[in-house]
**Student:** 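Here's a structure for you.
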Amino acid sequence: MIGTYVIIFLVLVIIGSGLFTVKQQTIAIIERFGKFQSSKGPGLRLKIPFFDKISGRVSLRVQQLDVIVETKTKDDVFVHLKISVQFLVQQNHVYDAFYKLQSPHEQITAFIFDVVRAEVPKMILDDVFEKKEEIALAIQRDLKEAMLNYGYDIIKALVTDIDPDEKVKIAMNRINAAEREKVAAQHEGDAQRILIVERAKAEAESKRLQGKGIADQRREIARGLEESVDVLNRAGINSQEASALIVITQHYDTLQSIGSDTKSNLILLPNNPNAASQMLNDMVTSLVAANKINESSHESKKSSKGDNKE
């Protein structure tokens, strides 16, 4: 009985050693005496104990490899590019993926370096930033073509970061700041010019309206003076005396205005008690003299016209 149990136990151990499981999205590589025997997909699998061996497992999931490449641009600027490559093993080419490449990550990294250092030196630094999508497409195209022979499919290649030297970044920031200050100064100058033009237009309109107001004021003053002279003439006062009286009245009105406004900067000279009478006499004398000059001028013109007729 004991021998039977021992045999059953050994058989169960042997069978158990031949059973194994494979996870989802994984392929197990089975070798027999060092030679490829088969590949097993997900689930519970069986191999021949002591003869077959699980040599390795290949993941069918999408993998990502990040590579940082240092290279030089056309304008002699050293820059670091971070390249992210997404790839997977083709299910029908598991054998090639497992046996043809010793280290697939190193192989992909070498291709990335080769493509980046062939493309970036053709561009200046600004173009590297603007055309990073073209760099990514070139990497994906060349890498896909090369890795298909090894059972790998390149899903996507991305340029995730472009990092120039720190001094270059500082210089670029200074250039951008200077450019923005230039644009701001231009806009500020345009605004100042518009403000000056509008202010000049407003001032011209103000002067026009002020001149019109002064003209209307003088017209009304002249009309009032004319009416005042007519009233004084009807009262028996001649034109010279009426004009002098009006000027004297305006003189005293001005003095009253100065006295009522402490902030006035108008100065009227002379300003003594005899000034008014003296001003009146001088004005009447001036007006009489002016009338005599006008009368003599008219008489001389008439006499010259008579002589011409003779």
Side-chain angles (χ1 to χ4, degrees), residues 16-49 51-73 79-123 127-164:
S17 65
L19 295 175
F20 65 97
T21 59
V22 181
K23 294 182 180 180
Q24 188 67 34
Q25 291 298 101
T26 304
I27 300 294
I29 303 298
I30 306 298
E31 292 182 352
R32 182 175 296 169
F33 303 117
K35 182 181 178 181
F36 174 77
Q37 178 62 30
S38 63
S39 60
K40 301 295 184 179
L44 180 63
R45 298 296 179 178
L46 178 65
K47 63 181 178 64
I48 300 176
F51 294 96
D52 293 344
K53 182 183 71 171
I54 300 175
S55 180
R57 298 173 187 266
V58 178
S59 176
L60 299 180
R61 295 179 182 179
V62 176
Q63 304 177 56
Q64 178 166 312
L65 176 64
D66 295 328
V67 180
I68 297 178
V69 183
E70 182 182 14
T71 185
K72 186 179 71 169
T73 62
V79 61
H80 292 83
L81 279 77
K82 183 178 181 181
I83 312 297
S84 296
V85 177
Q86 299 172 352
F87 63 95
L88 56 78
V89 175
Q90 294 177 312
Q91 190 168 359
N92 297 330
H93 297 81
V94 174
Y95 178 89
D96 295 333
F98 187 80
Y99 287 102
K100 285 189 176 182
L101 286 180
Q102 178 69 26
S103 179
H105 285 191
E106 293 181 4
Q107 188 77 14
I108 293 174
T109 300
F111 275 111
I112 292 174
F113 269 83
D114 183 65
V115 175
V116 171
R117 289 180 174 175
E119 294 292 330
V120 173
K122 301 176 184 177
M123 307 176 184
D127 290 342
V128 174
F129 283 94
E130 294 177 3
K131 300 179 179 179
K132 69 183 188 70
E133 197 68 28
E134 296 181 10
I135 299 173
L137 290 175
I139 294 172
Q140 181 177 346
R141 182 186 63 248
D142 294 353
L143 195 58
K144 188 180 186 75
E145 182 180 352
M147 297 303 293
L148 280 176
N149 296 326
Y150 302 104
Y152 285 86
D153 187 19
I154 305 301
I155 305 300
K156 190 72 174 177
L158 302 171
V159 179
T160 58
D161 190 22
I162 300 173
D163 187 21

**Student:** Tell me every residue that passes side-chain contact (heavy atoms from CB on, under 4.5 Å) with Glu106, counting only those two or more places apart in sequence or in another chain.
**Tutor:**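 Ser103.
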**Student:** Taking all non-hydrogen atoms of both residues into account, name the closest pair between Phe20 and Ala28 and its distance.
**Tutor:**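 Heavy atoms of Phe20 and Ala28 come nearest at CE1-CB, 4.1 Å.
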**Student:** Do Gln90 and Leu148 touch side chain to side chain, with heavy atoms closer than 4.5 Å?
**Tutor:**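 With C-beta onward as the side chain, the pair touches.
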**Student:** For the NZ atom of Lys53 and the NZ atom of Lys47, what is their distance to the nearest 0.5 Å?
**Tutor:**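 Atom-to-atom, Lys53:NZ and Lys47:NZ are 10.0 Å apart.
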**Student:** Between Thr71 and Arg117, what is the shortest heavy-atom contact and its length?
**Tutor:**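 In this case the closest contact between Thr71 and Arg117 is OG1-CG, 3.8 Å.
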**Student:** Could you report the tightest heavy-atom contact between Lys40 and Val22, atom names first, then the distance?
**Tutor:**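 Closest approach of Lys40 to Val22: O-CG1, 3.9 Å.
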**Student:** Are there over 12 heavy-atom neighbours, none belonging to Phe36, within less than 6.0 Å of that residue's CZ?
**Tutor:**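 Atom CZ in Phe36 is crowded, with more than 12 foreign heavy atoms closer than 6.0 Å.
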**Student:** Please tell me if the side chains of Tyr150 and Pro104 come closer than 4.5 Å, counting only heavy atoms from C-beta onward.
**Tutor:**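 SC-SC contact between Tyr150 and Pro104 ruled out.
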**Student:** At what distance, to the nearest 0.5 angstrom, does CD1 of Ile139 lie from CG of Leu81?
**Tutor:**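 Going from CD1 on Ile139 over to CG on Leu81, the span is 7.5 Å.
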**Student:** Let me see the working for Ile83 and Asp66 under side-chain contact (heavy atoms from CB on, under 4.5 Å), right down to the final yes or no.
**Tutor:** CA-CA 6 Å; Ile83 312 297; Asp66 295 328; over 6 Å; no
**Student:** Val62 and Gln86: which non-hydrogen atoms are nearest, and at how many Å?
**Tutor:**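 Scanning both residues, the minimum pair turns out to be CG1-CB, 4.1 Å.
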**Student:** Name the residue from Glu31, Arg32, Lys35 that meets the side chain to side chain donor-acceptor pair (under 3.5 Å) definition with Ser55.
**Tutor:**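 Among Glu31, Arg32, Lys35, the one that satisfies the side chain to side chain donor-acceptor pair (under 3.5 Å) with Ser55 is Glu31.
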**Student:** State, with a plain yes or no, whether a side-chain heavy atom of Val67 is found less than 4.5 Å away from one of Val85.
**Tutor:**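 Val67 vs Val85: side chains apart.
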**Student:** Quick one, Asp142 with Phe111, criterion side-chain contact (heavy atoms from CB on, under 4.5 Å). Give me CA distance, side-chain angles, the key distance, then yes/no.
**Tutor:** CA-CA 8 Å; Asp142 294 353; Phe111 275 111; over 6 Å; no
**Student:** Applying side-chain contact (heavy atoms from CB on, under 4.5 Å) to Tyr99 and Ile29, what does each step give before you reach the verdict?
**Tutor:** CA-CA 10 Å; Tyr99 287 102; Ile29 303 298; 3.4 Å; yes
**Student:** State which residues pass side-chain contact (heavy atoms from CB on, under 4.5 Å) with Lys122; sequence neighbours excluded, sorted by chain then number.
**Tutor:**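 Lys122 satisfies side-chain contact (heavy atoms from CB on, under 4.5 Å) with Glu119 only.
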**Student:** Going by side-chain contact (heavy atoms from CB on, under 4.5 Å), Phe87 matches just one of Lys144, His105, Gln64, Lys156. Which one?
**Tutor:**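 Looking at Lys144, His105, Gln64, Lys156, the match for Phe87 under the side-chain contact (heavy atoms from CB on, under 4.5 Å) is His105.
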**Student:** For the backbone of Lys82 and the side chain of Thr160, can you confirm whether one donor and one acceptor N or O come within less than 3.5 Å of each other?
**Tutor:**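 It does hold such a pair.
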**Student:** Please walk me through it: do Leu143 and Val115 pass side-chain contact (heavy atoms from CB on, under 4.5 Å)?
**Tutor:** CA-CA 8 Å; Leu143 195 58; Val115 175; over 6 Å; no
**Student:** Find the distance between CG (Leu158) and CD (Glu133) and round it off to the nearest 0.5 Å.
**Tutor:**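 Taking CG in Leu158 and CD in Glu133, the distance rounds to 7.5 Å.
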**Student:** Taking Arg61 for the side chain and Thr26 for the main chain, is one N or O donor matched with an acceptor at less than 3.5 Å?
**Tutor:**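 Looks like no, no N/O pair under 3.5 Å.
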**Student:** With rounding to the nearest 0.5 Å, note down the distance linking CG in Leu65 to CD1 in Ile112.
**Tutor:**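 One gets 5.5 Å once the value is rounded to the nearest 0.5 Å.
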**Student:** Out of curiosity, Met123 CE to Glu134 CD, how far, rounded to the nearest 0.5 Å?
**Tutor:**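 Atom-to-atom, Met123:CE and Glu134:CD are 5.5 Å apart.
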**Student:** Could you state the interatomic distance from CG (Asp161) to NZ (Lys132), rounded to the nearest 0.5 Å?
**Tutor:**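 One finds 9.5 Å between CG of Asp161 and NZ of Lys132.
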**Student:** Over all heavy atoms of both residues, which pair between Leu60 and Val89 is shortest? Give the atoms and the distance, please.
**Tutor:**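 Residues Leu60 and Val89, closest heavy atoms: CD2-O, 3.7 Å.
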